[in-house]
**Student:** 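Here it is, the structure, as structure tokens.
Heavy atoms only: backbone and side chains are in, while hydrogens, waters and symmetry mates are out.
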Amino acid sequence: MKEMNENFTNPLPQKVEYDLEEHLIYGKQKGWKKVLEWILTICAWTLLLSYIIYLVYGVFAVDNGWYLPEFTIYNREMIMEIRKYFFILFIVLLIFIVLLILWKNYNLRRFGKLHRRRFRPPVENKELADMFELDEKMVEKMQNERYILLETNIVPEDLGIAGKNPKEDKYEDEMEEYHKQKYNL
């Protein structure tokens, strides 16, 4: 493990400047839609919280002999049925926890001593210069400068992204035809 830490250096150290406001989509929503959304949200939360509160109070009421009011869908039978499900789910949860602990210990004993993964060595400036057919000074400049203006595309054509954008070519052709027609050329 110590060996991996010594060999690993982050090949791309960078600080990400991320502005969430640039990625949010703001749209105008009609007033009646906002009101309907708020009403439905409040109703859903009220129903959910009333169910949870009745369930918790019902469990204590059944155990201690307290008064338990019954409503249309909330009653004593529901509380008893849900208690059975919760007990079964608790037993299943305990079984899964024990199985996961056993599996973790098995994997630790069998594979814990192995160190098969190796990180790739960091890319050197010479390799980058060879790949993009640049000088090493230019590679260092590109790594150190914040803004760089490139006169030509440095991405090799065999990487598949170096060609011109087909949309730009189409747009230029359309503009050329438009000018020919407009000025009778």
Side-chain angles (χ1 to χ4, degrees), residues 1-38 40-42 44-45 48 89-90 92-185:
M1 193 69 148
K2 190 175 186 181
E3 182 182 319
M4 287 191 329
N5 289 339
E6 291 173 1
N7 292 337
F8 178 73
T9 57
N10 189 355
L12 299 173
Q14 56 187 331
K15 180 182 177 188
V16 178
E17 295 177 12
Y18 183 76
D19 185 16
L20 183 64
E21 296 296 322
E22 293 178 5
H23 300 283
L24 293 178
I25 299 172
Y26 292 104
K28 293 182 179 178
Q29 192 175 24
K30 295 181 181 176
W32 67 271
K33 287 183 178 180
K34 284 184 180 180
V35 170
L36 182 64
E37 179 184 353
W38 276 98
L40 289 175
T41 301
I42 290 171
W45 277 106
L48 180 67
L89 287 175
F90 180 72
V92 170
L93 177 71
L94 290 178
I95 291 170
F96 275 113
I97 288 172
V98 168
L99 287 175
L100 287 173
I101 289 171
L102 292 173
W103 185 255
K104 177 198 70 111
N105 289 331
Y106 166 75
N107 280 331
L108 189 62
R109 284 197 183 118
R110 181 159 184 212
F111 302 112
K113 297 173 185 167
L114 300 178
H115 297 289
R116 295 178 292 188
R117 295 181 183 166
R118 301 275 184 245
F119 289 101
R120 294 181 63 189
V123 178
E124 296 178 6
N125 289 348
K126 185 177 185 317
E127 292 177 72
L128 289 173
D130 292 341
M131 176 68 178
F132 293 106
E133 299 170 358
L134 297 171
D135 296 332
E136 286 189 48
K137 292 178 184 177
M138 182 64 166
V139 172
E140 289 177 17
K141 180 182 176 186
M142 291 172 75
Q143 290 176 344
N144 296 330
E145 297 292 324
R146 185 170 176 108
Y147 297 103
I148 299 170
L149 179 63
L150 298 174
E151 300 296 330
T152 59
N153 190 352
I154 63 168
V155 180
E157 289 190 24
D158 59 342
L159 287 180
I161 57 174
K164 281 189 172 180
N165 188 351
K167 291 182 181 178
E168 290 176 2
D169 292 341
K170 183 178 177 185
Y171 177 75
E172 289 174 5
D173 293 342
E174 288 174 358
M175 288 305 295
E176 187 177 339
E177 288 180 29
Y178 171 76
H179 287 295
K180 284 181 181 178
Q181 290 176 357
K182 184 175 181 180
Y183 298 112
N184 296 324
L185 297 176

**Student:** Could you give the distance from NZ (Lys28) to NZ (Lys33), rounded to the nearest 0.5 Å?
**Tutor:** 14.5 Å
**Student:** Would you give the length of the straight line joining atom CG of Leu100 to atom CG of Asn105, rounded to the nearest 0.5 angstrom?
**Tutor:** 11.0 Å
**Student:** As an exercise, state the distance from CG of Asn125 to CG of Asp130, rounded to the nearest 0.5 Å.
**Tutor:** 11.0 Å
**Student:** Atom NZ of Lys30 and atom CD of Glu37: how far apart are they, to the nearest 0.5 Å?
**Tutor:** 15.0 Å
**Student:** In Å and rounded to the nearest 0.5 Å, what is the CG to CZ distance from Leu89 to Phe96?
**Tutor:** 10.5 Å
**Student:** For residues Met142 and Leu134, report the shortest heavy-atom separation together with the two atoms involved.
**Tutor:** SD-CD1, 3.9 Å
**Student:** Could you tell me the separation between the CG atom of Leu108 and the NZ atom of Lys113, rounded to the nearest 0.5 Å?
**Tutor:** 9.0 Å
**Student:** Can you tell me if CD on Glu140 sees more than 12 non-hydrogen neighbours from other groups inside 6.0 Å?
**Tutor:** yes
**Student:** Go through the steps to decide whether Trp45 and Leu48 satisfy the test side-chain contact (heavy atoms from CB on, under 4.5 Å), and finish with yes or no.
**Tutor:** CA-CA 5 Å; Trp45 277 106; Leu48 180 67; 3.9 Å; yes
**Student:** At their closest point, which heavy atom of Glu127 faces which heavy atom of Pro122, and how far apart are they?
**Tutor:** OE2-O, 4.3 Å
**Student:** For Phe111, does the CZ atom have more than 12 heavy-atom neighbours from other residues, nucleotides or ligands under 6.0 Å away?
**Tutor:** yes
